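Structure, as structure tokens:
Everything quoted here is computed from the prediction, not taken from an experiment.
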Amino acid sequence: MTTVVEAGCPVIIGAGLAGLTAAIEFSPLPCIVLSAGAVSTGTSTGWAQGGVAAAVGPDDDPELHATDTLAAGAGLCDPDVVRAITAAAPEAIAWLSSRGAEFDRAADGTLRLGLEGAHSRRRIVHAHGDRSGAELLKTVVDGARALSSVSLWDHSPAREILTEGGRVCGVLVDTPDGQVELRTDIVLLATGGIGGLYSHTTNPLSSRGQGLALAHRAGATLRDIEMVQFHPTALDVGIDPMPLVSEAVRGEGAILVNELGQWVLKNPLSARDVVSRAEWAQLQAGHRVFLDATKDPGERFAELFGSIYETARQAGLDPAKDLLPVRPAAHYHMGGVLVDLTGAATVPGLYAAGEVASTGLHGANRLASNSLLEAVVCGRWVAQHWRALDLAAGAPPAARTYPGFAWSGTPDPVVAEVRTIVSAGAGVLRDADGLRSALAALAGLRHDDAGLVGHLLVEAALRREESRGGHTRLDFPSTAEVGEHILTHGVSTVATR
């Protein structure tokens with residue numbers, strides 16, 4: 001039996017950085033936040049190491065940040081969006097600081113700035129070294145919990161976005177107390193990425209594109225679904241998901257070598273797609289790939305990257321003395337639900353922010369540390385837009401918390417099959433034969449969200465007959481002049497930017 005609840009306020013699906021930022025910014029107006037698991041768990045935000053990119057250094061400015069972002073995006077970025085978000089970055093750092101985020105600072109109080117791949121300046125703002133995401137997640141979780149306007153529902157995954165007359169009218173939610181139909185005309189998707197669709201990933205395994213499936217089934221337009229960023233330095237020690245070795249380690253001087261000591265590429269701080277392809281070539285040739293941090297940062301490793309150091313030590317490795325085995329792993333999804341800068345999708349009443357959204361910031365290849373930035377900036381912009389709509393205020397339904405609750409259901413039997421198929425067909429290097437084979441294998445699995453999103457991704461990759469950013473076709477190695485793919489209900493069309 002389904003219980004109908006009149007929400008009377010926006011419903012936010014996802015309790016990561018984007019969703020909770022929107023909830024906080026919307027205060028004192030009410031909203032409901034749905035978390036598929038316990039709040040503060042299962043979100044990629046807490047796993048992020050690199051930090052937030054922002055032009056706050058004395059030698060930097062937002063236009064330089066925008067230029068680097070556009071270069072990394074390989075022609076698919078929206079320049080106006082890029083400039084708007086990079087211009088908002090310094091204020092986003094100030095907002096997070098005002099909310100209690102403890103960023104790393106020098107003795108004089110200025111922000112310590114790290115360097116990551118494809119950035120022309122040191123502009124990565126860290127928190128507690130390589131624990132940036134955990135600090136930001138704590139900041140917004142604590143902030144949301146302190147607000148009476150925010151009703152947090154944990155262990156409450158959204159199953160369907162309901163529509164009526166072509167616009168949003170509610171959300172179907174599974175809770176430990178039974179199914180609930182939340183009636184609302186405003187829904188924000190903030191569900192994260194798709195890394196869990198791959199056998200090798202740095203994402204929580206629960207990140208399988210559920211938001212994309214919800215949006216697609218509701219009739220929303222999706223964009224650039226084939227654009228997957230593979231992080232080149234996932235620690236290859238048999239752990240699933242794979243521990244991430246932050247790009248900031250290479251920013252401190254670490255290099256990539258094979259088992260013979262030969263450099264994998266001259267510039268280890270090249271854009272992530274470039275580094276991943278170079279590593280993949282080594283792996284395909286029968287070599288292994290290692291991150292050599294023994295000289296730089298060397299003995300400073302434990303101080304600078306405490307979390308990574310602890311993970312390596314648990315695997316029996318000392319980063320100051322041992323080479324760290326690494327390989328590319330699915331890390332970030334540049335594609336998503338097509339939105340404008342208010343977060344509005346093509347279905348009235350539906351919004352998206354964070355990794356699930358396609359704003360035009362990342363293009364074909366995300367610039368390092370622009371993801372946490374986008375989540376904060378765009379989460380706030382969505383809430384500011386809602387306030388401008390002059391929504392009626394009122395108390396939201398009470399929070400629903402289930403301490404110690406764990407779902408008793410068995411794991412989705414389709415997911416393991418989807419991971420194998422998608423990894424084989426739509427990995428770092430792709431071709432028509434592999435993609436067609438994957439598409440055929442996924443055709444009968446589209447009833448499941450993981451199978452549906454995998455099918456959409458592979459179909460888009462097959463239709464994009466070029467190589468660009470995170471999408472490399474061995475049979476189409478050149479970059480076409482016309483590049484953008486828009487996917488609607490499985491039908492792909494090409495448009496120019």
Member of Val289, Leu235, Asp236 meeting the side-chain contact (heavy atoms from CB on, under 4.5 Å) criterion with Arg327: Asp236

Side chains of Glu116 and Ser369, donor plus acceptor under 3.5 Å: yes

Min side-chain heavy-atom separation Leu188-Trp386 under 4.5 Å: yes

Chi angles and distances behind the side chain to side chain contact (heavy atoms under 4.5 Å, CB included) call for Val275, Arg277: CA-CA 5 Å; Val275 182; Arg277 285 194 295 271; over 6 Å; no

Atom pair CG (Leu452) and CG (Leu214), whose distance is rounded to the nearest 0.5 Å: 10.0 Å

Arg473 side chain vs Leu462 backbone, donor-acceptor pair below 3.5 Å: yes

Closest non-hydrogen atom pair between Val418 and Ala450, with its separation: CG1-O, 3.7 Å

Ser307 side, atom OG; Leu244 side, atom CG - distance, nearest 0.5 Å: 9.5 Å

Short side-chain to backbone donor-acceptor contact, Ser423 and Ser199, under 3.5 Å: yes

Separation between CG of Asp431 and CZ of Arg436, rounded to the nearest 0.5 Å: 9.5 Å

Donor-acceptor under 3.5 Å (Arg167 side chain, Asp185 main chain): yes

Criterion side chain to side chain contact (heavy atoms under 4.5 Å, CB included) on Ser270 and Leu265, from CA distance to verdict: CA-CA 9 Å; Ser270 298; Leu265 75 173; 4.0 Å; yes

Main-chain N/O of Ala218 paired with Thr163 side-chain donor or acceptor, under 3.5 Å: no

Nearest heavy-atom neighbours spanning Ala234 and Ala329: CB-CB, 3.6 Å

Polar contact flag, side-chain donor to acceptor under 3.5 angstrom, Thr69-Asn370: yes

Main-chain N/O of Leu17 paired with Thr45 side-chain donor or acceptor, under 3.5 Å: yes

Glu164 CD: over 12 foreign heavy atoms closer than 6.0 Å: no

Distance-only donor-acceptor check, side chains Gln179 and Asp174, under 3.5 Å: yes

Which atom of Ala89 lies closest to which atom of Ala53, heavy atoms considered: CB-O, 3.8 Å

Any Asn203 side-chain heavy atom under 4.5 Å of Trp47 side chain: no

Ring centres under 6.0 angstrom apart (His385, Tyr351): yes

Trace of the side chain to side chain contact (heavy atoms under 4.5 Å, CB included) decision for Ile186 with Val11: CA-CA 6 Å; Ile186 294 183; Val11 173; over 6 Å; no

Pairwise side-chain contact, Ile255 with Arg250, heavy-atom cut-off 4.5 Å (strictly under): no

Carboxylate-amine/guanidinium proximity below 4.0 Å for Arg183 and Glu181: yes

Nearest-0.5 Å distance, CG of residue Leu152 to OG1 of residue Thr401: 9.0 Å

4.5 Å side-chain heavy-atom contact, Glu226 and Leu456: no

Check: Val249 and Phe305 side chains under 4.5 Å, non-hydrogen atoms: yes

Mutual orientation of the aromatic rings belonging to Tyr332 and His362 [parallel < 30°, tilted 30-60°, perpendicular > 60°]: perpendicular

Step-by-step salt bridge (Lys or Arg N to Asp or Glu O under 4.0 Å) determination, Lys138 to Glu135: CA-CA 5 Å; Lys138 178 181 183 299; Glu135 172 64 14; 5.8 Å; no

Between Trp153 and Ser151: side-chain donor-acceptor atoms closer than 3.5 Å: yes

Rounded distance [0.5 Å steps], CG in Asp224 versus CG in Leu457: 11.0 Å

For the student: nearest non-hydrogen atoms of Val237 and Pro325, plus distance: CG1-CG, 4.1 Å

Gap between atom CG of Leu445 and atom CG of Asp449 - 0.5 Å precision: 12.5 Å

Pair Thr202, His231: side-chain N/O donor-acceptor within cut-off below 3.5 Å: no

Under 3.5 Å side-chain donor-acceptor pair for Asp273 and Gln229: no

His155 and Thr175, any side-chain heavy atoms less than 4.5 Å apart: no

Check: Arg419 side chain, Tyr198 main-chain N or O, donor-acceptor pair, under 3.5 Å: yes

Minimum heavy-atom distance between Ala438 and Gly425, given as atom pair plus value: CB-CA, 4.1 Å

Exam field: side chain Gln49 to backbone Ser246, donor-acceptor pair closer than 3.5 Å: yes

Beyond-backbone contact of Phe230 with Trp280, side-chain heavy atoms, under 4.5 angstrom: no

Candidate pair Leu373 and Val377, rule side chain to side chain contact (heavy atoms under 4.5 Å, CB included), full reasoning: CA-CA 6 Å; Leu373 169 65; Val377 170; 3.7 Å; yes

Side-chain donor-acceptor pair present, Glu374, Thr359, cut-off under 3.5 Å: yes

Min side-chain heavy-atom separation Val81-Ile85 under 4.5 Å: yes

For Pro241 against Leu205, the heavy-atom pair lying closest together: CD-CG, 3.8 Å

Between Glu259 and His287, a side-chain donor and acceptor under 3.5 Å: yes

Test salt bridge (Lys or Arg N to Asp or Glu O under 4.0 Å) applied to Glu310 and Arg131, step by step: CA-CA 12 Å; Glu310 291 171 10; Arg131 295 180 173 88; 3.3 Å; yes

Residues Tyr402 and Asp177: side-chain donor-acceptor under 3.5 angstrom: yes

Heavy-atom donor-acceptor pair, Asp130 side chain to Ile308 backbone, under 3.5 Å: yes

Residue pair Thr472 / Arg430, side-chain donor-acceptor N/O under 3.5 Å: no

Polar side-chain atom of Ser467 near backbone of Phe476 as donor-acceptor pair, under 3.5 Å: yes

Check: His455 main-chain N/O paired with Arg446 side-chain donor or acceptor under 3.5 Å: no

